[in-house]
There are 2 protein chains.
Amino acid sequence: MEQNIFDNPDFFGGYKALRETDDNLNVLLEQPAMRKLLPNIESKRVLDIGCGAGGDCLDFVNRGAESVTGIDLSEKMLELARENCSHEKITYLRMSMSDLSGLKGGFGLVYSSLAVHYAEDFPRLMREIYALTERGGTLLFSQEHPIITATVGGGHWNYDENGNRVSWTFSDYQRSGKRMVKWFVDSVEKYHRTFSEVINAVIAAGFTIEEICEPVPDEYALQKRPELVKDFLKSNFLIVKARKLQ
Amino acid sequence: MEQNIFDNPDFFGGYKALRETDDNLNVLLEQPAMRKLLPNIESKRVLDIGCGAGGDCLDFVNRGAESVTGIDLSEKMLELARENCSHEKITYLRMSMSDLSGLKGGFGLVYSSLAVHYAEDFPRLMREIYALTERGGTLLFSQEHPIITATVGGGHWNYDENGNRVSWTFSDYQRSGKRMVKWFVDSVEKYHRTFSEVINAVIAAGFTIEEICEPVPDEYALQKRPELVKDFLKSNFLIVKARKLQ
């Protein structure tokens, strides 16, 4: 089972503060790209894996979803979700990504925002998601980019004499597996997988790849945070959209 | 039309010498991965885009291909091919990847080894290849990895105090387009495309992605060139296998 870092008070405090800002990378980079790739979910059942504070679940209801199931491993995140994003059509469940067998299938959309890089067994997760997806249904997930997760001990920016970011140094790309990174607290567990390992696991589960996205800042994002131009130097996120055709 | 660097005598000399070695990255890394992904081509028509000296074309005949068409922009490479890899079932044509309209379709396999990063209009190339592929046919191509092609002016290794490669520095990943690199001669023209631009162009042309491969050295390769262990730090090649289902 993945680490339950979100219930660590120090981590939770830092993470909550970050997500409450209106100019974090999720808001400016990842979320707009995910929204553009969202299929029509009117009268569809939606599963949100790693729903966190439930904002996306409420959005899915507003987009006409018949029902939304939001799962997360963190009690604290689910508390926030129940507090701020409750709706009669939304069910929040405490559940690990490592075993989805407790869920009833038939989802028209399985959605996951920046959670699957916490999953230890990604091929298994993809197979379980495939089984829970209705024929014609969509899988849409985002994760940290393999270029970011690769380096044991973390990659780093390089700067010119004026302090501008000019390049990115990484390593260990082909050595997939657990990574311990410092993020609010000392050891957050994530899993690095190469592009091909991610894409091939989605395909091996039975899905057909529809689109891959490596989001770049749009004009609004660059206006809000001009330094995000640095994101043209590398890529922060990898987004995969796939469909269950048979 | 792509640059015809292979007919530059200085480039050709250096390239020919490299390919004549038995421990270059093509032989140790790219070729074994491509062979593993090769579909059954018995009594199939095969197109080899950027066939170079024709070694693969002859191999396809030996694997039972009904006929093989090898195209290349370089007269010098085609001379080598006709000299060393002629066969009644092989037709070598001087042709640019930028316009394949001169070819008759119905290929069961369209194959391209380390050539498409020279193509200026990759989406067009994919559409033309799709039109030339028979239903059920396979597209299999390799290219330099986006992590390698990204940096304007070239990326670079970083070394520890003992001179061991420890990490890779790159930049300009999201700025796709022409790259001028020094390889045997001063300015070889290549085109950088992000992972998603490559995959999405293959899908947009109509293909279904079957497998992605980022080859790593096998035991034989590591025995032959132990320093290739460095290739676990990044990835040199991107290989895409796709099928025309409808």
Side-chain angles (χ1 to χ4, degrees), chain A residues 29 33 37 145-148 150-158 160 164-176 193-204 207-217 228-243 245, chain B residues 29 33 37 145-148 150-158 160 164-176 193-204 207-217 228-243 245:
Chain A
L29 214 55
L37 289 166
H145 200 285
I147 288 168
I148 305 303
T151 314
V152 174
H156 63 83
W157 285 108
N158 304 293
D160 65 13
N164 303 312
R165 291 168 165 175
V166 291
S167 61
W168 174 254
T169 294
F170 78 106
S171 189
D172 310 310
Y173 178 76
Q174 297 272 17
R175 297 190 181 116
S176 53
R193 284 171 275 263
T194 64
F195 275 125
S196 42
E197 287 173 317
V198 171
I199 301 303
N200 292 341
V202 174
I203 294 169
F207 287 105
T208 300
I209 303 293
E210 278 203 329
E211 192 172 342
I212 312 285
C213 174
E214 295 162 295
V216 289
L228 284 186
V229 72
K230 71 176 164 50
D231 285 304
F232 289 94
L233 304 185
K234 61 170 170 63
S235 185
N236 292 292
F237 305 115
L238 175 64
I239 300 176
V240 177
K241 183 178 183 180
R243 277 189 80 198
L245 294 180
Chain B
L29 214 56
L37 290 166
H145 199 284
I147 288 168
I148 305 302
T151 314
V152 174
H156 64 81
W157 285 107
N158 305 292
D160 66 13
N164 303 312
R165 290 168 165 175
V166 291
S167 61
W168 175 255
T169 294
F170 77 105
S171 189
D172 310 310
Y173 178 77
Q174 298 273 17
R175 296 188 181 117
S176 52
R193 285 171 274 264
T194 63
F195 182 80
S196 45
E197 285 172 320
V198 171
I199 301 302
N200 291 342
V202 174
I203 295 170
F207 287 105
T208 300
I209 303 292
E210 279 205 327
E211 193 172 342
I212 311 284
C213 174
E214 294 163 295
V216 289
L228 285 186
V229 72
K230 71 176 166 50
D231 285 305
F232 289 93
L233 305 185
K234 62 170 171 62
S235 185
N236 292 292
F237 304 115
L238 174 64
I239 300 176
V240 177
K241 183 179 184 179
R243 278 187 81 196
L245 293 181

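Residue numbers start from 1 in every chain, and the chains themselves are labelled A, B, ... in the order their sequence lines are given, proteins ahead of strands. Model, not experiment: these values are computed from the prediction.
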J.: Quick check on A:Ile203 against chain B: is it the side chain, the backbone, both or neither that has a heavy atom closer than 4.5 Å?
T.: side chain

J.: Under 4.5 Å from any heavy atom of chain B, what part of A:Thr208 do you find: side chain, backbone, both or neither?
T.: side chain

J.: Report the distance from atom CZ of B:Phe232 to atom OG of A:Ser176, rounding to the nearest 0.5 Å.
T.: 10.5 Å

J.: Between A:Asp172 and chain B, which part of the residue has a heavy atom less than 4.5 Å away: side chain, backbone, both or neither?
T.: both

J.: Against chain B, label A:Pro215 side chain, backbone, both or neither, depending on which of its atoms sit under 4.5 Å from a heavy atom there.
T.: backbone

J.: Between chain A and each of B:Ile199, B:Thr169, B:Leu233, count heavy-atom pairs under 4.5 Å; write down the option with the most.
T.: B:Leu233

J.: I'd like to verify something: which residue of B:Thr151, B:Leu238, B:Ile147, B:Val240 has the highest number of heavy-atom pairs under 4.5 Å with chain A?
T.: B:Ile147

J.: Within this structure, what is the CD-CD distance for the pair B:Gln174 and A:Glu214, rounded to the nearest 0.5 Å?
T.: 5.5 Å

J.: Report the C-alpha distance between B:Phe195 and B:Ile212 in whole Å, list the side-chain angles of each, state the deciding distance to 0.1 Å, and finish with yes or no for side-chain contact (heavy atoms from CB on, under 4.5 Å).
T.: CA-CA 11 Å; B:Phe195 182 80; B:Ile212 311 284; 4.1 Å; yes

J.: For A:Ile239, which atoms come within 4.5 Å of any heavy atom of chain B: side chain, backbone, both, or neither?
T.: neither

J.: Closest heavy-atom contact between B:Glu211 and A:Asn200?
T.: CA-OD1, 3.5 Å

J.: Check A:Lys234 against B:Tyr173 and note the closest heavy-atom contact, atom names and distance.
T.: CA-CB, 3.8 Å

J.: How far does NE2 of A:His156 sit from CH2 of A:Trp168, to the nearest 0.5 angstrom?
T.: 8.0 Å

